Each structure stands twice: as C-alpha cells, then as structure tokens.
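Take a look at the structure set out below.
What you see is a predicted model; the values in this text were computed from it and never measured. Residue numbers begin at 1 in each chain, while the letters A, B, ... track the order of the sequences. Only this structure's heavy atoms are used, side chains among them; waters, hydrogens and symmetry mates stay out.
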Amino acid sequence: MSLTIVTKKKFVVAEGASRPALLLDWYDRHRRRLPWRAAAGERADPYRVWLSEIMLQQTGVKTVGPYFAKFLARWPDVAALGRASLDDVLRMWAGLGYYSRARNLHACAVAVLRDHGGIFPDTEEGLRQLPGIGPYTAKAIAAIAFDIRTMPVDGNIERVVSRLYAVEEPLPQTKPLIGELASTLLGPSRAGDSAQALMDLGSSICTPKKPACALCPLNDDCAARSRGDQETFPRKAPKRAGTLRRGAAFIVRRGDELLVRTRAEKGLLGGMTEVPGSAWLAGQDDKMALNQAPELNGVTCWHRKTGVITHVFTHFPLELVIYTADVATRTRAPEGMRWVPIATLADEALPNVMRKAIAHGLDI
DNA sequence: CAGCCGTGGGT
DNA sequence: TACCCAAGGCT
C-alpha cells in the first residue's frame with residue numbers, strides 16, 4: 001500500500017512507509033555516538049539538546065566537542081547557566097566564533113529560568129520565542145528533545161534532499177521547497193531520530209564531495225544519483241568575496257601587563273576583548289593606521305614588527321600590522337582601556353584574531 | 001531580505 | 001594553495 005504525494009507538479013514522491021523506515025533502520029545500525037545525544041530509546045535532555053544545537057550552528061561536531069564538555073561540567077543545567085555572569089559565558093565561548101550566540105545563549109538561559117521556571121517550552125512556537133532560537137533550532141529541539149513531528153532542515157539535510165529530488169533551483173531561494181520535500185521523510189513516529197538520521201547520513205554518506213552512494217539506504221530512489229551528477233547538488237547562488245581591509249594593532253607592555261579594551265556590544269566580535277587598534281578599512285596604509293595609536297604619556301617610540309597578521313572573516317579578509325611599545329611602570333591606561341597580566345590572557349574573552357596579534361607582538 | 005556575524009577542518 | 005563547508009540567527 002503505497003500512496004503518491006505530488007508536490008509542485010515536478011516532484012512526484014513515491015512513498016509508502018518505505019523511505020522513512022529505511023532511514024530509521026539505517027540510523028539504528030549506524031547512528032553516531034555524540035555527547036549530547038541520548039542512548040537509543042532514551043529521552044534526550046532538553047538542556048543538552050539546546051546547548052549543542054546553539055554551539056553547532058555553522059560549527060562542526062569536532063570543534064564543538066570540547067566546548068560542550070566544558071560548558072556542561074561548569075553549568076550542568078539551564079538554571080546554573082542562567083545564574084552565571086555574561087562575562088563568564090563569553091570567556092568560556094572565546095574561540096568558538098559567532099559571539100552573538102554566546103550572548104543569546106545566556107539571555108535564553110535567563111529567560112527560561114525567569115519566565116519558565118527553568119523548564120524549556122515543549123512546543124516549536126514556544127521555543128521560537130527564545131533568543132538565539134530561530135526556525136531551524138526550534139524545530140530541531142522540538143523533534144529531538146520532545147519528539148514533536150517536525151523536520152528541521154540544516155545544511156546536511158538540504159544536501160541530501162536536493163540530491164534525492166534533483167532540485168534545480170538554487171539556494172537560498174529553494175529553501176521552502178526543500179523544507180516540504182524533507183518533511184516527506186518523516187514517518188508516523190520518531191521525528192527526532194528521523195532528523196538526526198538525515199544529518200548523520202549527510203555528514204557520513206551523502207557528503208559534499210565524493211558521496212558514498214553505494215552505502216546509502218536511499219540509493220535506489222535518488223534522482224541525482226540516477227543522473228550521475230549528485231556532486232553538483234545543492235545548486236547555490238554565487239556569493240561575492242569581500243574586499244581586503246587593513247589596520248594596525250598596538251601591543252603595549254607595562255612590565256608583565258598588556259593594554260586591552262572591550263569592543264562594543266554589537267557588531268563584529270561584539271563584547272569581546274581586544275588590544276587597541278586602528279579602524280579596519282580597505283585601502284588604509286601603515287601611516288594612517290599608526291596615527292590611530294593610543295595616547296600614552298611618554299610613549300614616543302613604536303616598534304613595527306616585521307610581517308603582518310592575516311585573518312579571514314566571513315565577509316572580508318583582514319591584514320593587521322603590529323606595533324609594540326614598552327611603557328613605564330606607573331603609566332595610566334587611557335580612557336576605556338585597562339591593564340591585564342599577560343599570564344592570565346588565556347582567561348580573557350579574546351577572539352582568535354587578537355590571540356594571533358598578541359602572539360606575534362609578544363613573540364610567543 | 002540580503003548582508004552581517006568566526007573559526008577550524010577537510011580536500 | 002585556496003577554496004568549500006559546518007546541526008543558522010538577527011536585522
């Protein structure tokens with residue numbers, strides 16, 4: 001007994017219980033063991049699911065692992081995290097990137113503690129209202145933690161589904177269609193396992209390059225594979241590269257201390273610690289940048305380190321020249337800046353570009 | 001809604 | 001090497 005669903009004319013989905021069942025059978029045999037994932041048949045902890053989903057936004061499983069362990073050890077439940085200071089959360093997050101996630105993580109924990117008695121909402125709509133939880137994450141938590149019948153669509157699932165149906169329209173325009181098609185892979189139950197099965201399939205079998213179609217549980221029903229051009233999916237609109245920006249960073253030592261400041265709360269590297277520096281602008285030269293050095297009484301001699309620091313952000317590459325200076329013991333920090341011991345720099349909320357700049361300036 | 005928002009791994 | 005990619009959200 002197979003029923004036929006017609007979606008947008010072109011996509012005729014021949015489906016019984018077969019495809020969702022094949023997927024779940026495969027998952028039961030090949031599921032990945034991940035720290036935030038419940039054992040087979042056991043209920044997932046919403047706090048762990050949520051924490052992992054936030055960390056996994058645009059970030060690989062391997063990268064997230066140590067951060068998840070650190071957070072869970074220090075803050076074992078959402079109430080503990082809700083009582084933590086934002087500064088502690090930012091420090092623990094340093095190095096993981098996309099720092100607004102850390103601010104929203106903290107804000108979300110506070111909201112769950114204050115407005116929901118420390119219990120996560122168990123509906124997609126309720127979850128969606130919380131900071132840092134968008135359409136994807138709301139569906140993911142609903143499905144994985146509460147077994148609500150909904151299908152989140154991440155990058156893995158976009159790839160799997162666009163291949164399964166040979167979707168020609170490019171992303172992101174075709175997101176709604178892919179969402180509809182992905183939902184056809186939901187069976188009558190085990191929504192969370194279905195979603196995680198597709199993610200595991202995308203990360204281990206239906207990979208961006210050289211997918212292992214021979215091992216795929218859905219391989220006899222894959223439109224792209226039957227055409228032989230599975231690697232060309234998903235289609236994507238071309239994105240433009242950013243323009244190179246240049247700037248200077250100033251490494252000022254006062255004995256065994258370093259001069260730092262805190263960046264503005266919003267925008268690039270929001271709320272993170274940095275050494276003083278020039279603006280980062282396209283077409284800026286070294287002299288313009290040096291003119292933006294901090295005012296320190298007695299400092300007349302900046303030493304220009306040879307070489308440059310390069311860093312690539314999502315939307316532009318950056319080149320920083322490094323200037324160093326040593327100042328007298330009682331030199332005051334300029335307005336808005338402070339001295340921190342070099343020995344405790346590891347505990348600061350320093351983004352990687354600043355760690356690179358400091359390492360270069362201090363020869364470490 | 002398209003641009004903004006990090007970083008490390010894989011090829 | 002120089003790309004691409006990753007369990008996206010916010011404005």
Ignoring hydrogens and angles, write down the donor-acceptor pairs under 3.5 Å from the side chains of residues 198-205 of chain A, residues two or more places apart or on other chains.
from	atom 1	to	atom 2	distance (Å)
A/D200	OD1	A/R32	NE	2.9
A/D200	OD1	A/R32	NH2	2.8
A/D200	OD1	A/R37	NH2	3.0
A/D200	OD2	A/R32	N	3.0
A/D200	OD2	A/R37	NH1	2.9
A/S203	OG	A/R32	NH1	3.2
A/S203	OG	A/M199	O	3.4
A/S203	OG	A/D200	O	3.2
A/S204	OG	A/D200	O	2.7

Side-chain donor-acceptor contacts of residues 109-126 of chain A below 3.5 Å, not counting sequence neighbours, with atom names and distances?
from	atom 1	to	atom 2	distance (Å)
A/T123	OG1	A/G126	N	2.9
A/E124	OE1	A/T150	OG1	3.2
A/E124	OE2	A/K139	NZ	3.3

Under 3.5 Å, side-chain donor or acceptor atoms of residues 263-278 of chain A against the rest of the protein: list the pairs with distances, not counting sequence neighbours.
from	atom 1	to	atom 2	distance (Å)
A/R263	NE	A/L268	O	3.0
A/R263	NH1	A/E274	OE1	2.8
A/R263	NH2	A/L268	O	3.1
A/T273	OG1	A/E348	OE1	3.3
A/E274	OE2	A/R261	NE	2.8
A/E274	OE2	A/R261	NH2	3.2
A/S278	OG	A/A248	N	2.8

Which pairs of donor and acceptor atoms, one on a side chain in residues 77-94 of chain A, lie under 3.5 Å apart (sequence neighbours left out)?
from	atom 1	to	atom 2	distance (Å)
A/D77	OD1	A/A79	N	3.2
A/D77	OD1	A/A80	N	2.8
A/S85	OG	A/D88	N	3.0
A/S85	OG	A/D88	OD2	3.4
A/D87	OD2	A/R91	NH1	2.5
A/D88	OD1	A/R91	NH2	2.5
A/D88	OD2	A/R74	NH2	3.1
A/R91	NE	A/D347	O	3.4
A/W93	NE1	A/G97	O	2.9

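For A/P341, the side-chain contact (heavy atoms from CB on, under 4.5 Å) partners at least two apart in sequence or on another chain are A/T344. With sequence neighbours left out, A/R304 forms a salt bridge (Lys or Arg N to Asp or Glu O under 4.0 Å) with A/D286. Scored by the side-chain contact (heavy atoms from CB on, under 4.5 Å) test, A/R128 finds A/P135, A/A138 as partners (sequence neighbours excluded).
Listed by residue number, the members of residues 258-281 of chain A with any heavy atom below 4.0 angstrom from DNA chain B are A/G267, A/L268, A/L269. Contacts between residues 64-79 of chain A and DNA chain B, defined by a heavy-atom separation under 4.0 Å, are absent.
Each salt bridge (charged side-chain N to carboxylate O under 4.0 Å, His left out) pair with one or both residues in residues 206-220 of chain A, not counting sequence neighbours, would appear here, but there are none. Residues in residues 247-267 of chain A take part in these ring pair (Phe, Tyr, Trp, His ring centres under 6.0 Å) pairs, two or more places apart or across chains: A/F250-A/W302, A/F250-A/Y323.
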Polar atoms only, N or O, under 3.5 Å: list the protein pairs with nucleotides 8-11 of chain B and their distances.
from	atom 1	to	atom 2	distance (Å)
B/dG8	OP1	A/N352	ND2	2.3
B/dG8	OP2	A/N352	ND2	2.6

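Listed nucleotides C/dA6, C/dG9, B/dT7 differ in distance to A/P135; the shortest reach to its side chain belongs to C/dG9.
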